[in-house]
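Only heavy atoms go into these numbers, but all of them, side chains included; no hydrogens, no water, no symmetry mates. One-based numbering along the sequence shown.
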Amino acid sequence: MATIKIKQIKSKIGAPIDQKRTLVALGLRKISQVVEKEDTPVIRGMIRKVHHLVTVID
(Lines give C-alpha, C1' and ligand atoms only; values in the text may rest on other atoms or scores of the structure.)
Protein backbone atom coordinates (compact mmCIF):
# COMPACT_ATOMS: atom_id res chain seq x y z
CA MET A 1 0.00 0.00 0.00
CA ALA A 2 0.93 3.64 -0.32
CA THR A 3 2.38 5.45 2.67
CA ILE A 4 1.93 8.99 3.91
CA LYS A 5 4.15 11.13 6.11
CA ILE A 6 2.49 12.94 9.01
CA LYS A 7 4.17 15.84 10.81
CA GLN A 8 3.06 17.35 14.11
CA ILE A 9 3.02 21.13 13.74
CA LYS A 10 1.36 22.28 16.97
CA SER A 11 1.52 21.35 20.63
CA LYS A 12 -1.01 18.98 22.15
CA ILE A 13 -1.07 21.04 25.38
CA GLY A 14 -4.64 22.22 25.92
CA ALA A 15 -6.12 19.69 23.49
CA PRO A 16 -8.85 17.32 24.70
CA ILE A 17 -7.67 13.93 25.98
CA ASP A 18 -9.10 12.06 22.98
CA GLN A 19 -7.00 14.19 20.61
CA LYS A 20 -3.89 13.63 22.73
CA ARG A 21 -4.49 9.88 22.58
CA THR A 22 -4.97 10.07 18.81
CA LEU A 23 -1.56 11.73 18.44
CA VAL A 24 0.01 8.99 20.57
CA ALA A 25 -1.72 6.34 18.46
CA LEU A 26 -0.25 7.95 15.34
CA GLY A 27 3.19 7.77 16.97
CA LEU A 28 3.63 11.52 17.40
CA ARG A 29 5.15 12.83 20.63
CA LYS A 30 7.03 16.03 19.74
CA ILE A 31 6.48 19.07 17.56
CA SER A 32 8.16 18.67 14.15
CA GLN A 33 8.29 14.88 14.54
CA VAL A 34 7.50 13.02 11.31
CA VAL A 35 6.10 9.49 11.10
CA GLU A 36 5.34 7.36 8.07
CA LYS A 37 2.13 5.32 8.09
CA GLU A 38 0.20 3.27 5.57
CA ASP A 39 -2.53 5.24 3.81
CA THR A 40 -5.66 3.53 5.13
CA PRO A 41 -9.11 4.92 5.93
CA VAL A 42 -8.41 4.41 9.65
CA ILE A 43 -5.27 6.56 9.54
CA ARG A 44 -7.07 9.18 7.41
CA GLY A 45 -9.82 9.37 10.06
CA MET A 46 -7.25 9.85 12.81
CA ILE A 47 -5.61 12.64 10.79
CA ARG A 48 -8.99 14.28 10.27
CA LYS A 49 -9.61 14.25 14.03
CA VAL A 50 -6.39 16.17 14.75
CA HIS A 51 -6.07 18.05 11.45
CA HIS A 52 -5.36 21.32 13.28
CA LEU A 53 -2.30 19.79 15.02
CA VAL A 54 -0.73 17.88 12.13
CA THR A 55 0.03 18.21 8.44
CA VAL A 56 0.46 15.60 5.72
CA ILE A 57 3.75 15.82 3.83
CA ASP A 58 3.68 14.83 0.16
Visitor: Hey, what do you get for OG1 (Thr40) to CE (Met1), rounding to the nearest 0.5 Å?
Guide: 6.5 Å
Visitor: Please find the pair of heavy atoms, one from Gly27 and one from Gln33, that lie closest to each other, and give the distance.
Guide: O-NE2, 3.4 Å
Visitor: For the pair Leu28 and Val34, evaluate side chain to side chain contact (heavy atoms under 4.5 Å, CB included) and give the outcome as yes or no after the intermediate values.
Guide: CA-CA 7 Å; Leu28 295 168; Val34 178; over 6 Å; no
Visitor: Got a list of side-chain donor-acceptor pairs under 3.5 Å for residues 3-17, not counting sequence neighbours?
Guide:
unit_1, atom_1, unit_2, atom_2, d
Thr3, OG1, Glu36, OE2, 2.8
Gln8, NE2, Lys10, O, 2.9
Ser11, OG, Ile13, N, 3.0

Visitor: With sequence neighbours excluded, tell me which residues meet salt bridge (Lys or Arg N to Asp or Glu O under 4.0 Å) with Arg29.
Guide: none
Visitor: Heavy atoms, side chains only, cut-off 4.5 Å: are Val50 and Leu26 in contact?
Guide: yes
Visitor: If Ile, Leu, Val, Met, Phe, Trp and Tyr residues are connected whenever their side-chain heavy atoms lie under 4.5 Å apart, and connections chain through other members, are Val56 and Val35 in the same group?
Guide: yes
Visitor: What side chain to side chain donor-acceptor pair (under 3.5 Å) pairs are there with at least one residue in residues 44-57, not counting sequence neighbours?
Guide: Asp18-Lys49, Gln19-His52, Asp39-Arg44
